[in-house]
Amino acid sequence: MRLLRVAAVVGGTTLLSGRLAAAQSTSCKSPKAIGSASDAEALAKGCSIIEGDLTISAGASGDDGIRLDGIKNITGGISIQDCPERCAGLTAGTISSSTLETVEGDIQISDVGGLHSLLFPALRDVHGSITLENLADLTSLDLGSLRSVNESFVLASAPELANLTAPPKGFDIAGDPARVRIWDVGLGSVDPFLVASSNAHTRDISVSRIPNIVYAELATSNGGTVRIEGNGHLTLGLGNFRNVSSSGGNGAGGQMLMPAHIETLNVSGLSAVRWSSSSDGNAQKRPGEYYTLGTLSVHDSALLTSLPMLWEGIGRLDIAHNDALAELAFPRDPDAARAVASSLRKIAVRDNPRLELEALSEDGKWNGTVETASWIWPTEDLETLVLSGVVHDTFFRPLEKIHGLTTSSSPNPAKPRVLDDFELTSTVPEFHCGTIDQMRMHGVFVGNYSCNGNSVDMVPPGSGSGAFRTRGEAFVGARNMFVVGVCVWSGMLGWGWFG
């Protein structure tokens, strides 16, 4: 028996009908811009696949919104017609589809007023990018089944957006790098955008100007640059990374925990940091195990009082302009402490007026359970060390001991030293640079050097004389001179004598 093919034309679009249509997906060429709810209904009833871009008129109207139920795949993208800057009146109010699963191009809906709801609860894969921007009236967004976006995800300037349905475990971004940008939205949570469901791709994430959130959980296991700009009262959760590989056999159920790494974590506007002690049910020995950072920058957080740095490794540390910060908590666990000490290469701790850098303390506990220390001195060569604020003489006692500088002996060249830049400015009136200057003269700090604004030259190898330079003037000391105490400065030229 031969099947009979019946064709019908609706609004310039060819539809299939009869038993053939029932037996296969119906493909339709993309129509002209949808201008009304009735246009959308007619298209969706006859077509499960749209070939090309689906365009919606900026002035589309309809009491029930633009409903595209029945369409499963769009081979192009979705956009609003003729909205390069600002379109005032999408009177339909809603764009939705309960059946749409795949968009092979970009979803670009920007600069349009009147759009209150954007609802694609079945959408799983977008092979291009998603950009939702400058939507002043948007209140609801449903992307509850989204699992992958091939390029980037932008959600911005939607201040009334308070209702979001998104996968709690996040979705994959396959760009190079994978970009996520969230800013100026009314959401109470941005967690779905800070979570990576796998570590297949490196994510660049930027979340800023979100006035309503009080807690955010960072759980991306493979990050490039992650920037989180809080609102002053934001608590940032760390450590609950879903970072499991199925290729190994060292973990439960044949799975293996893989090292998680974020190249740069740049955060501001925090009130607290919270570490989780477990990851997807896999018990950890300590918070931060397996997680490393290239750079950690914590700045301009006026309410942050304590900063737990329980990462297994940090390459660069920059802590600046945190008015209430009074405590740094490094891991005291020997393995974790050794890992941090061996990875640090650049340190800058600047202008935190309540943070006192003094004698190492090892009697702290994070959350009453994790034993912590107030500081960790690197075990390898540092590139830079920049300190300004409440720095006490006792802070440098470990370096004095390591380098044998309580005597006039030469330092051990295998121990820590600063190769490129050493800059110290202490606000403690009793702080003196004498011992620090001595370490400089012995070659502990071999690059650029400044202690409270003054520079000192190193002693040439094999020389018995000391030399230092202050404020652009030089002084060559006698052969047996060495630094034992306080530099006494006099005169505008800054001549100094060691005694």
Side-chain angles (χ1 to χ4, degrees), residues 6-18 21-22 25-123 126 128 130-146 155 157-158 160-161 163 165:
V6 180
V9 177
V10 178
T13 301
T14 302
L15 310 179
L16 299 178
S17 61
S25 297
T26 308
S27 179
C28 305
K29 292 184 178 180
S30 177
K32 295 180 179 180
I34 294 173
S36 66
S38 59
D39 288 348
E41 183 179 4
L43 179 66
K45 279 184 178 180
C47 306
S48 59
I49 299 173
I50 302 296
E51 296 180 2
D53 295 331
L54 179 65
T55 305
I56 300 170
S57 171
S61 61
D63 293 340
D64 294 329
I66 303 302
R67 300 180 61 179
L68 302 168
D69 300 334
I71 297 174
K72 291 187 176 181
N73 177 262
I74 299 173
T75 66
I78 300 176
S79 63
I80 304 293
Q81 185 184 50
D82 298 328
C83 277
E85 294 184 359
R86 175 70 176 166
C87 299
L90 186 75
T91 57
T94 298
I95 299 174
S96 68
S97 175
S98 62
T99 57
L100 182 63
E101 297 178 354
T102 304
V103 176
E104 298 185 24
D106 299 331
I107 297 179
Q108 172 79 47
I109 300 177
S110 302
D111 302 292
V112 58
L115 178 62
H116 299 283
S117 300
L118 188 61
L119 310 174
F120 295 131
L123 182 62
V126 177
I130 296 179
T131 303
L132 310 174
E133 190 172 6
N134 294 329
L135 302 174
D137 301 314
L138 186 67
T139 59
S140 298
L141 175 63
D142 190 343
L143 299 172
S145 298
L146 189 63
L155 175 60
S157 299
E160 301 301 319
L161 178 60
N163 301 310
T165 303

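Only heavy atoms go into these numbers, but all of them, side chains included; no hydrogens, no water, no symmetry mates. Nothing fancy with the numbering, it's 1 onward along the sequence.
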Looking at OG1 of Thr94 and CD1 of Ile66, how far apart are the two atoms once the value is rounded to the nearest 0.5 Å? 9.0 Å
Does the side chain of Ser36 come under 3.5 Å of the side chain of Ser38 through a donor N or O and an acceptor N or O? yes
Closest contact, heavy atoms only, Thr75 versus Ile49: CG2-CG2, 4.2 Å
Is it the case that the side chain of Thr131 and the backbone of Gln108 share a donor-acceptor pair, with hydrogens and angles ignored and the cut-off at 3.5 Å? no
Flag side-chain contact, heavy atom, 4.5 Å: Asp53 against Ile78: no
To the nearest 0.5 Å, what is the distance between NE2 on His116 and CG on Leu161? 13.0 Å
Just wondering, do Leu143 and Phe120 contact through their side chains at under 4.5 Å, heavy atoms? yes
Which heavy-atom pair separates Gly46 from Cys28 by the least distance, and what is that distance? O-SG, 4.0 Å
Set of residues satisfying salt bridge (Lys or Arg N to Asp or Glu O under 4.0 Å) with respect to Glu41, sequence neighbours excluded: Lys45
Can you name the residues that form a side-chain contact (heavy atoms from CB on, under 4.5 Å) with Ala37, not counting sequence neighbours? none
Atom of Leu43, atom of Ile34 and distance for their closest heavy-atom approach: CD2-CD1, 4.0 Å
Donor-acceptor pair, side chain of Asn163 and main chain of Ser140, under 3.5 angstrom: no
Step-by-step side-chain contact (heavy atoms from CB on, under 4.5 Å) determination, Leu123 to Val103: CA-CA 8 Å; Leu123 182 62; Val103 176; 4.0 Å; yes
Heavy-atom closest pair, residues Leu100 and Thr102: CD1-O, 3.7 Å
Going by heavy atoms in the side chains, are Ile107 and Ile109 under 4.5 Å from each other? yes
State, to 0.1 Å, how close Ile71 and Cys47 come at their nearest heavy-atom pair, and which atoms those are. CG1-O, 3.4 Å
Once you round to the nearest 0.5 Å, how far does CG of Leu68 lie from CD1 of Ile50? 8.0 Å
Given 3.5 Å as the limit, does a donor-acceptor pair link the side chain of Ser110 with the main chain of Asn134, or not? no
When you measure from the side chain of Ser48 to the backbone N and O of Thr26, does any donor-acceptor pair fall under 3.5 Å? yes
Can you name the closest pair of heavy atoms from Pro121 and Ser98 and give their distance? CG-CA, 4.2 Å
Using the side chain to side chain donor-acceptor pair (under 3.5 Å) criterion, which residues pair with Glu133? Sequence neighbours excluded. none
Residue pairs meeting salt bridge (Lys or Arg N to Asp or Glu O under 4.0 Å), one or both in residues 99-110, sequence neighbours left out, come to Glu101-Arg124
Does the side chain of Leu119 come within less than 4.5 Å of Ile95's, by heavy atoms? no
Quick one, Leu118 and Leu138 - any side-chain contact, counting heavy atoms below 4.5 Å? yes
Within this structure, what is the CG-OG distance for the pair Leu54 and Ser97, rounded to the nearest 0.5 Å? 9.5 Å
Please name all residues satisfying side-chain contact (heavy atoms from CB on, under 4.5 Å) with Ser79, sequence neighbours left out, ordered by chain then number. Thr55
Where at least one partner belongs to residues 65-78, residue pairs that pass salt bridge (Lys or Arg N to Asp or Glu O under 4.0 Å), sequence neighbours excluded: Arg67-Asp69
